[in-house]
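What you see below is based on every heavy atom in this structure, not just the backbone, and it leaves out hydrogens, waters and symmetry mates. A quick note: this is a predicted structure, and the numbers were derived from the prediction, not measured. We name chains A, B, ... by the order of the sequence lines, and we start the count at 1 in each one.
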Amino acid sequence: MRPFRERYRTALNDHNVRDGLLVFQRSWRETRDERMTELEALTGVSFETLRRELASVKDGVIADLDGHVARFRAAAEANGAVVYEASSAEEANRYIADLCRARGVDAVIKGKSMVSEEIELNDFLAGEGITAVESDLGEWILQLDRDHPSHLVMPAIHRRRDQVAQTLGTALGTHFDPDDILGMVRSARGGLREAFLQAGVGLTGANALIAESGTAMVITNEGNARLTASLPPVHVVTAGIEKIVPTFQDAIRQVRLLPRSATGQSITSYTTFVSGPTEGHELHIVLVDNGRRAMASEPQFASALRCVRCGACANVCPPYQIVGGHGFGHVYPGAIGLVTTPFHHGLDAAAGPQSLCISCGACATVCPVAIPLPQQILGVRRRVAQERGLPLWQRLTLRAWRSRRAVDLGFRAIGMLSRPLQRDGVTRVPRLLPWSERWTAWRTPPAIDATPAHSRADLHASRAPLAKTSATGRRVLLHLQCLADRVTPETPVAAAALLRAAGAEVVIPAQQHCCGLPAIDAGDDAAAREMARDTLRAFGGVDDVVTPAPSCVVAMLHSYQDLFADEPTWAERATQLTGRVHDLVSYLSGPARLPAGSLAQGDSSPVVVDRFCQSANFLGAGSQLEDLVAHLCSVEVSLLAEADTCCGFGGMTSLGNPELSAGILERKISALADTGVRTVITANPGCVIHLRGGAHASGRLFDVQHVAEYLAARLQTQPDEPIG
Amino acid sequence: MTERMTRFREGVELASARYMEVGDWAAVVEVARGLDDEPLVVGAALARDLAADGVETGVLRVPDVDSPLEMADAPVGLVRGVLGVAETGSVLLVEPSLSERVVSMLCHILVQGIARESIVDSLDDFAAWMQAHAVESPYATLTTGPSRTADIERELTIGVQGPREVVVVVVG
């Protein structure tokens with residue numbers, strides 16, 4: 001496989017990949033959601049419960065792989081199959097090659113099998129003089145071009161019809177009209193027939209191995225696996241040991257979730273159950289470990305073995321949409337690929353792809369086996385950082401970021417030095433600095449105020465409550481957020497005003513600093529722990545902690561536990577944050593909820609809401625943001641299309657891989673442009689900066705506002721008499 | 001029509017297959033023979049049972065165990081489903097021998113006859129059946145509609161490696 005940077009570059013330059021994947025992701029989302037809703041109606045059980053049930057079946061297997069392998073093996077052998085356990089890719093390949101040789105076979109036919117890609121079986125067989133032909137149409141097209149799958153279920157999704165017409169035309173010695181897809185497909189049937197006739201061995205994967213009966217379950221739409229398993233006299237099933245499920249009932253749980261998650265089908269055309277050899281034929285089952293038992297022994301990563309290879313995690317992934325599976329993955333594409341690659345192909349192979357994750361959390365929301373993919377990807381990132389070290393710029397930035405004083409000085413200096421370049425809330429970077437274009441051409445940097453929020457008098461100014469709420473009289477610590485404090489100081493100032501309007505006693509300790517999120521995102525454990533400890537220390541003596549930055553809430557509630565895995569005292573302190581730490585929107589929607597119409601006076605122009613991805617994906621905020629705005633203000637509130645999809649800010653990711661961030665931003669900006677609404681409300685400071693910069697660079701006139709700013713501006717215009 | 005049958009029919013049609021109901025196997029054969037002039041392809045076990053029941057079949061082609069591929073790309077094949085699953089509109093085919101499998105895999109149009117009383121509600125019922133019968137059914141396939149692919153620019157194309165048309169005929 002080519003080096004990561006080269007794959008990344010190629011993918012970025014191929015706009016067909018991102019255009020095709022954008023259309024695909026949108027249509028997949030729609031059909032997948034329809035099918036899941038149907039399933040919920042059919043079973044009377046929620047997706048959440050269904051996936052937890054399947055996850056728990058798989059967890060039972062992962063916890064006792066040896067026992068399940070033994071049970072499956074005994075049942076399969078009783079049926080007349082030959083079972084071989086391969087601890088490595090080499091052993092699996094060797095067994096299959098030796099079997100071919102022993103039967104005098106030099107041509108094999110294959111059904112789609114990701115594990116065969118993982119162990120690079122085709123190359124191994126070629127080295128032994130054995131020709132393997134892929135029978136899945138997509139895989140065959142790729143094989144003819146010496147290409148590799150870029151998606152778990154739709155391997156050739158990165159190929160355009162004209163490329164396919166060329167490939168098939170050359171292979172079949174004919175000419176195809178690129179729009180005659182039916183013609184290409186029907187001709188491929190004939191083209192593959194010869195390969196079926198010549199093959200002495202048929203190789204398939206398995207979607208599940210059913211222990212109680214020694215059955216291999218294989219799912220396809222084309223029916224090619226049925227031919228592969230039937231026509232040659234020897235059928236070899238190759239599958240990872242984690243594919244075992246105890247019973248048929250368990251396999252059915254998987255059948256209900258897998259095709260819906262993969263292709264938005266309630267079931268595929270063929271679900272085949274092979275429980276023994278066909279009369280006169282042989283059946284071999286190769287059970288592959290290749291790093292799986294090692295994965296099972298690591299508490300943070302064991303649950304990744306639940307994966308049923310549906311590809312849903314890629315189908316919602318914004319970076320995957322931009323670069324496709326060749327960049328966003330190694331052999332296994334998508335979020336799951338970032339997690340499993342170190343175990344199958346080593347940490348070096350995982351280092352590049354994992355750097356593309358922007359931690360939006362979308363993958364975990366659709367995973368049919370509830371794998372905590374975002375946390376696991378950060379876990380891989382931590383390992384990469386530990387073993388290979390961080391890039392110098394990141395190391396230096398994070399070292400400086402640990403110190404509140406250094407961050408203050410740095411931003412004050414930038415604020416003063418860039419003053420001459422500041423206009424209309426942005427900093428116009430002169431063309432004299434061409435190297436900076438990679439970062440600034442698509443996103444104009446914000447104007448940095450020389451006075452941070454914590455030094456501003458209006459942050460501390462008292463104000464009369466607007467109404468009595470459940471937060472009235474509560475001591476509420478306002479976590480300013482390090483970035484908002486210096487870059488968008490009006491956001492924390494607005495948050496303080498709103499909390500006071502709801503009757504809270506706002507406490508703003510001077511020693512508060514960064515929650516550690518940038519270090520967590522970078523995989524810098526030591527820096528992250530130091531900042532997290534400081535944050536936990538700063539949070540004493542108050543009733544609630546509220547921040548205008550939900551990203552920090554996500555870091556505290558969803559990353560601190562992993563961070564302090566080896567420090568139980570701190571882990572315990574982190575646990576106590578649950579229920580105490582709130583993002584501003586949820587606090588204003590809950591305890592500090594003002595009466596309806598409290599901010600009715602003021603600008604009545606329509607607004608469009610873009611939800612913050614992590615609020616949706618980690619905090620389950622749902623429609624909280626748009627509901628809050630509609631509840632308080634009498635304005636027309638619309639929801640942006642794909643409002644839960646990340647805007648591409650991704651913290652340090654947008655510095656390390658700016659082209660990726662730019663591509664994701666483009667999707668958001670074009671959705672915003674489609675609304676025709678000028679005022680855009682969102683809920684996280686980083687996204688506000690990112691969207692403002694993107695709007696400016698693309699010449700759009702959006703007025704992007706943090707919800708705190710939007711609401712606080714209306715405080716001034718309300719009647720003096722308190723309501724309610 | 002019971003709820004189960006309604007659901008089964010919806011599932012069959014959602015999977016791009018045709019749905020029909022007839023009184024007996026003679027009528028199923030008639031449907032299949034009406035689809036093309038070429039002789040109907042039928043597996044050995046079904047051919048034997050049809051003959052034993054005195055069903056008028058006309059000339060049949062029965063795939064040979066040693067050279068089953070001679071049947072490849074025949075216009076119409078007829079098979080007998082073991083179970084129907086209303087939840088998904090699927091028909092379970094149990095095909096221990098290759099000569100039976102080629103009928104369902106390689107004919108262009110596949111007619112699947114399924115007895116009304118063999119239709120169950122859900123995949124759970126199917127799982128229970130498999131649990132009891134897996135060992136004596138070493139090769140069982142839950143088929144749902146024709147062979148399909150979306151591998152070229154995700155355009156759904158019916159009929160790639162297997163049949164391009166499936167007719168599900170409920171008997172009785």
Side-chain angles (χ1 to χ4, degrees), chain A residues 20 23-24 27 42 78-80 135-138 141 154-157 159-161 164 181-182 184-186 188-189 192-193 196-197 210 212-215 221-224 226-227 229-231 247-249 251-252 255-256 263 266-281, chain B residues 7 11 14-16 65 68-69 72-73 85 87-90 92-98 101-102 104-106 122-124 126-164 166:
Chain A
V23 176
F24 162 63
S27 70
L42 176 82
N79 294 340
S135 68
D136 173 87
L137 180 61
I141 292 165
M154 278 153 293
I157 195 161
R159 299 242 136 203
R160 287 188 323 267
R161 61 183 70 199
V164 174
I181 289 179
L182 185 64
M184 288 193 257
V185 168
R186 296 266 159 92
R189 177 187 171 119
L192 280 166
R193 185 62 50 79
F196 274 112
L197 292 175
I210 302 164
E212 67 177 341
S213 57
T215 302
N221 270 315
E222 293 182 16
N224 61 308
R226 281 173 27 94
L227 293 165
S230 301
L231 297 180
T247 66
F248 273 100
Q249 288 293 344
I252 287 310
V255 168
R256 285 204 174 107
T263 49
S266 44
I267 192 164
T268 54
S269 297
Y270 303 103
T271 309
T272 295
F273 299 85
V274 180
S275 314
T278 302
E279 207 181 299
H281 286 200
Chain B
R7 192 185 285 278
L14 194 73
S16 316
V65 182
L69 279 174
D73 303 320
V85 181
E87 179 181 332
T88 49
S90 309
L92 175 67
L93 304 179
V94 175
E95 305 160 311
S97 79
L98 184 54
R101 246 172 268 170
V102 291
S104 66
M105 292 191 299
L106 291 170
S122 70
L123 288 171
D124 298 307
F126 161 76
W129 190 93
M130 283 301 290
Q131 205 157 24
H133 298 93
V135 174
E136 76 240 29
S137 315
Y139 191 91
T141 303
L142 207 50
T143 67
T144 315
S147 156
R148 65 188 70 210
T149 182
D151 272 347
I152 305 177
E153 282 198 13
R154 298 186 311 105
E155 193 165 299
L156 179 65
T157 313
I158 302 286
V160 45
Q161 319 248 8
R164 59 176 177 237
V166 169

Inset, instruction - Compare all side-chain heavy atoms of B/D124 with those of A/R256 and state whether any distance is below 4.5 angstrom. - result: yes

Legend entry - chain B contact via A/T268 - which portion, at a heavy-atom distance below 4.5 Å: backbone

Legend entry - Most contacts with chain A, counted as non-hydrogen pairs under 4.5 angstrom, among B/L123, B/T143, B/V94: B/L123

Inset, instruction - Before giving the answer on side-chain contact (heavy atoms from CB on, under 4.5 Å), spell out for A/R226 and B/M105 the whole-Å C-alpha distance, their side-chain angles and the decisive distance to 0.1 Å. - result: CA-CA 8 Å; A/R226 281 173 27 94; B/M105 292 191 299; 3.3 Å; yes

Inset, instruction - State, yes or no, whether a side-chain contact exists between B/L98 and A/H281 at a heavy-atom distance under 4.5 Å. - result: yes

Legend entry - A/S213 versus B/A134, closest heavy-atom pair with distance: CB-CB, 3.9 Å

Inset, instruction - Find the distance between CZ (B/R164) and CG (A/L182) and round it off to the nearest 0.5 Å. - result: 8.5 Å

Inset, instruction - State, with a plain yes or no, whether a side-chain heavy atom of B/T141 is found less than 4.5 Å away from one of A/F273. - result: no

Inset, instruction - Hey, could you give me the CD/CG distance between B/E136 and A/N79, rounded to the nearest 0.5 Å? - result: 11.0 Å

Legend entry - Residue part contacting chain A, namely of B/A140, when any heavy atom lies under 4.5 Å: both

Legend entry - Heavy-atom side-chain contact between A/S230 and B/Y139 under 4.5 Å: yes

Inset, instruction - Given side-chain contact (heavy atoms from CB on, under 4.5 Å), test B/E155 with A/V185 step by step and report yes or no. - result: CA-CA 11 Å; B/E155 193 165 299; A/V185 168; over 6 Å; no

Legend entry - Exercise: identify the closest heavy-atom pair between B/G162 and A/Y270: CA-OH, 4.4 Å

Legend entry - Min side-chain heavy-atom separation A/N221-B/T149 under 4.5 Å: no

Inset, instruction - Measure across B/L106 and A/L227 and return the closest heavy-atom pair with its distance rounded to 0.1 Å. - result: CD2-CD2, 3.8 Å

Legend entry - Contact leader toward chain A among B/V102, B/V166, B/I158, B/V160, where contacts are heavy-atom pairs under 4.5 Å: B/V160

Inset, instruction - Report the C-alpha separation of A/I252 and B/F126 in whole Å, then their side-chain angles, then the decisive distance to 0.1 Å, and conclude whether the side-chain contact (heavy atoms from CB on, under 4.5 Å) test is met. - result: CA-CA 9 Å; A/I252 287 310; B/F126 161 76; 3.8 Å; yes

Inset, instruction - List for me each residue that meets salt bridge (charged side-chain N to carboxylate O under 4.0 Å, His left out) alongside A/E212, sequence neighbours excluded, and say none if there are none. - result: none

Inset, instruction - Pick whichever of B/T157, B/L93, B/V135 has the most heavy-atom pairs under 4.5 Å with chain A. - result: B/T157

Inset, instruction - For each of A/V274, A/I181, A/I141, A/V255, tally heavy-atom pairs with chain B at distances under 4.5 Å, and name the one with the top tally. - result: A/I181

Legend entry - B/R101 side chain near A/T278 side chain, heavy-atom distance below 4.5 Å: yes

Inset, instruction - Would you check if the side chain of B/S147 reaches a backbone N or O of A/E222 as a donor-acceptor pair within less than 3.5 Å? - result: yes

Inset, instruction - Please round to the nearest 0.5 Å and tell me the distance separating atom OG1 of B/T88 and atom CD1 of A/I267. - result: 4.0 Å

Legend entry - Lys/Arg-Asp/Glu bridge criterion (N-O < 4.0 Å) met for B/D73, A/R193: yes

Inset, instruction - Name all residues meeting the side chain to side chain donor-acceptor pair (under 3.5 Å) criterion together with B/R148; count only those two or more places apart in sequence or in a different chain, and write none if there are none. - result: A/S269

Legend entry - Interatomic spacing from CD1 in A/I157 to CZ in B/R154 - rounded to 0.5 Å: 6.0 Å

Legend entry - Atom pair CZ (A/F248) and CD (B/Q131), whose distance is rounded to the nearest 0.5 Å: 7.5 Å

Legend entry - Min side-chain heavy-atom separation B/D151-A/D136 under 4.5 Å: yes

Legend entry - Closest approach of B/E153 to A/R161 (non-hydrogen atoms, all atoms of both residues): OE2-N, 2.7 Å

Legend entry - Considering all heavy atoms, the nearest A/Q249-B/A128 contact: NE2-N, 4.0 Å

Legend entry - Atom group of B/S104 that falls short of 4.5 Å from chain A, counting heavy atoms: both

Inset, instruction - Find the distance between OG1 (A/T247) and CE (B/M130) and round it off to the nearest 0.5 Å. - result: 12.0 Å

